[in-house]
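Before any comments, here is the structure.
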Amino acid sequence: MVAALQNAVDAGDLSVPVPSTVTVERPKNRDHGDYATNVALQLAKAAGKPPRAVAELLAGRLVAITGIKQVDIAGPGFLNITLDAAAQGELARAIVLAGDEYGRGSALTGQNINLEFVSANPTGPIHIGGVRWAAVGDALARTLRAAGAQVGTEYYFNDAGAQIDRFARSLLAAAKGEEIPEDGYVGGYIENIAAQVVAKSPDVLSLPESEAREVFRVEGIALMFAEIKQSLAEFGVHFDVYFNEKELHDKGELDAAVARLREQGHIFEQDGAVWLRTTDFGDDKDRVVKKGDGAWTYFAADCAYYLDKRSRGFDRVVIMLGADHHGYIGRIKAMVACFGDDPEYNVEILIGQLVNLVKDGEPVRMSKRAGTVVTLEDMIELIGVDAARYSLARASVDSSINLDVNLLTKRANDNPVFYVQYAHARMCSVKRNAAELGIDKGTADVFNPGLLVHEKEAELLGVLGEFPRVVASAADLREVHRVARYLEDVATAYHKFYDDCRILPSERYPIPAELTRARLWLAEATQTVVANGLALLGVSAPERM
RNA sequence: GCGCUCGUAGCUCAACGGAUAGAGCAUUUGACUACGGAUCAAAAGGUUGGGGGUUCGAAUCCCUCCGAGCGCGCCA
């Protein structure tokens, strides 16, 4: 497309700057060809010609390209391109031969991205908000890698401070059979962990209060973290690094970070505290990094942590946070700018809206401190890993989602994940049946792409061809739900094809052997795309269901 | 009060500024010895919260009002 445009300019037909990329998309309406572009509309003004005149110039050059059957001009000046069948059918061969590699690309090659998500402190099980990030963050990591980026995933936590103290006191109270403190944590897991600590150290309750609390703190954190990691593993989520805030303090990185900020001229002292002048870069107010009593703030650790990531070679730091943390965007961007980095490039903060659980039409209140929390383990038990991951990954994180407990538990079949997985299982089934009949798709050189001329075959091929672009844009926009939505389109196109185009011959439906082979290639190409796409989401592609 | 995010079919959610706003579920009607019907075909369902503006073209960008959620500590 760009080449055709360049030719037109070179030949003097058009005088416009040639854009580096031209948007070509698959039109929603099949009457608009296999591919369409609005380039003529966009260049019309610069060219000083009516859009349709620009379109005519380009159309003439496009039809000359091999594989393009027809070019139409529609509406205000859209170019609708139709490919010939053999050119489209070739795609099936290319996909099958590429296998696992199909869809992978180099859009983000050269970028070294640090992706931080979940980052829940070990004071309780991962609750549903964290589950959303586990599903989306892990899928995003896979998708970024597929687009060529180098990615390090990271879970940040701290195991000191007031939150953890409350946790330890709650455990102690539970072990003693006393009432949980007013501001403590309640829930079955507290009882459970307290009992485990007592079982491990039977004499803990006879220790002085402060010593006992320390035992519960240390042992409790260890048990809680083991539980968290266990559920994440069951969920198929792996982190390259679990980063403890303590490490920053131990290595003196907070001092180093503040010294660096001071060099940059953004540190000042006031009212006995040390501040970072984040208002220089658009934050609402300046931020304290060291309190009047000499203690560091959490924000100071954030600064040090950012610098630590950068020093480990990551040029893009992506942090995924819940909607209740959106207030941090301003100060983090400003902090990055204070370091002299580019807040538009070096840091990126993704905000995920809430996940609401609805049961019997009533919202289920979620809180780590309530006994009725829905945790990662609950989700796995109730609806399974695949359905949970898929239903969380298929929605944009920009929109809050309502998951109906009754629907997910009783009506699991309604979930689109089954629709996609079923398509995959169906293809596997056809392959099994083919094998029983002694039929094979044959080698690549006997595949005849020109036979795939049915409307549903053309549609399916067109959708399959989109996959690499879907992966690239999902990675670039950090929107993995595009992958899920795309897979639903693939499944639909496959089911329609399956319905209209019989693959295997039977007594009632004789099919020429060559056509059977061609369709087996197409089915296998589809299976490859579905399997590769589900893998990006961390969802299984079952051979039977 | 200030700020952030959002408002799309009855419900749950889509739609790089593009053509007639799309899927699934629910509802209605067909395909039923079927390469697994967990599917397909069709119908119905919308003034994209309201109102202005920007342009060839707006659910999308800008302004304003209404409504929802969440933030505005020398807490973590």
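Order of the sequence lines sets the chain letters (A, B, ...), proteins ahead of strands, with each chain counted from 1. Scope of the values below: all heavy atoms of this structure, side chains included, with no hydrogens, waters or symmetry mates.
Backbone-only engagement by A:A395 is indicated by non-hydrogen atom pairs under 4.0 Å involving sugar-phosphate atoms exclusively. Across all strands, A:I351 comes closer than 4.0 Å to no nucleic acid atom at all (heavy-atom distances). Among the heavy atoms of the strands lying under 4.0 Å from A:C501 is at least one base atom, whether or not backbone atoms are also near. Here A:L437 lies out of heavy-atom contact (under 4.0 Å) with every strand. Residue A:E436 is classed as having no contact, given no heavy-atom separation below 4.0 Å to the nucleic acid. Residue A:D476 is classed as having no contact, given no heavy-atom separation below 4.0 Å to the nucleic acid. If you check every strand for non-hydrogen atoms under 4.0 Å, A:S391 touches nothing. If you check every strand for non-hydrogen atoms under 4.0 Å, A:R508 touches sugar and phosphate atoms only. Among the heavy atoms of the strands, none lies under 4.0 Å from A:A423. Contact annotation for A:Y328: base contact, defined as any heavy-atom pair under 4.0 Å involving a base atom.
Set against B:rU5, B:rU39, B:rA76, the side chain of A:N158 has B:rA76 as its closest nucleotide. Checking B:rA15, B:rC40, B:rC74 against every side-chain atom of A:R482, the shortest atom distance belongs to B:rA15. Listed nucleotides: B:rG69, B:rA15, B:rG37. Nearest to the side chain of A:E479: B:rA15. Here the side chain of A:D398 is nearest to one of B:rC74, B:rC40, B:rC6, namely B:rC6. Counting only heavy atoms from C-beta on, A:D271 has its side chain closest to B:rC74 among B:rA14, B:rC74, B:rG36. Comparing atom distances between the A:F418 side chain and each of B:rA38, B:rU12, B:rG37 picks out B:rA38 as nearest. If you check B:rC70, B:rA76, B:rC35 against the side chain of A:L504, the one that comes closest is B:rC35.
With a 4.5 Å cut-off on side-chain heavy atoms, A:Y328 and A:H325 count as touching. Looking at A:L140 and A:L350, their side chains come closer than 4.5 Å, going by heavy atoms from C-beta outward.
Using bins of under 30°, 30° to 60° and over 60° for the plane-to-plane angle, the ring pair A:Y494/A:F497 lands in the tilted bin. A perpendicular orientation is assigned to the rings of A:F167 and A:Y185, their planes being inclined by more than 60° (bins at 30° and 60°).
For B:rG36, neither phosphate oxygen OP1 nor OP2 lies less than 4.0 angstrom from any side-chain nitrogen or oxygen of A:R426. OP1 or OP2 of B:rG36 has at least one side-chain nitrogen or oxygen of A:N433 nearer than 4.0 Å. The shortest distance between the side-chain N/O atoms of A:Y419 and the OP1/OP2 oxygens of B:rC40 is below 4.0 Å. The shortest distance between the side-chain N/O atoms of A:H481 and the OP1/OP2 oxygens of B:rA15 is below 4.0 Å. Under 4.0 angstrom from either OP1 or OP2 of B:rG36 there lies no side-chain N or O belonging to A:R432.
For the P atoms, the distance linking B:rG49 with B:rU12 amounts to 15 Å, nearest Å. Nucleotides B:rA34 and B:rU48 have their P atoms positioned 45 Å apart, rounded to a whole Å. Remark: the separation of the C1' atoms in B:rA44 and B:rU27 is 8 Å, to the nearest Å. The separation of B:rU29 from B:rG71, taken at their P atoms, amounts to 48 Å, rounded to a whole angstrom.
Using a 4.0 Å cut-off between a side-chain N of Lys or Arg and a carboxylate O of Asp or Glu, A:E269 and A:R262 qualify as a salt bridge. A salt bridge links A:R287 and A:D283; the closest N-O separation between the charged side-chain nitrogens and carboxylate oxygens is under 4.0 Å. The pair A:E459-A:K456 fails the salt-bridge criterion, with no side-chain N (NZ, NE, NH1 or NH2) lying under 4.0 Å from an Asp/Glu carboxylate O.
At whole-Å resolution of the value, CD1 in A:I329 and P in B:rC6 are 10 Å apart.
Nearer the 5' end of RNA chain B, as judged by each residue's closest nucleotide, is the contact made by A:S396, out of A:V430 and A:S396. Between A:K285 and A:E245, the one whose closest nucleotide on RNA chain B sits nearer the 5' end is A:K285.
With hydrogens and angles left out, the side chain of A:Y156 and the base of B:rA76 share no donor-acceptor pair within 3.5 Å. A donor N or O paired with an acceptor N or O is found under 3.5 Å between the base of B:rC70 and the side-chain atoms of A:H326. Put simply, the side chain of A:S429 and the base of B:rG36 share a donor and an acceptor less than 3.5 Å apart.
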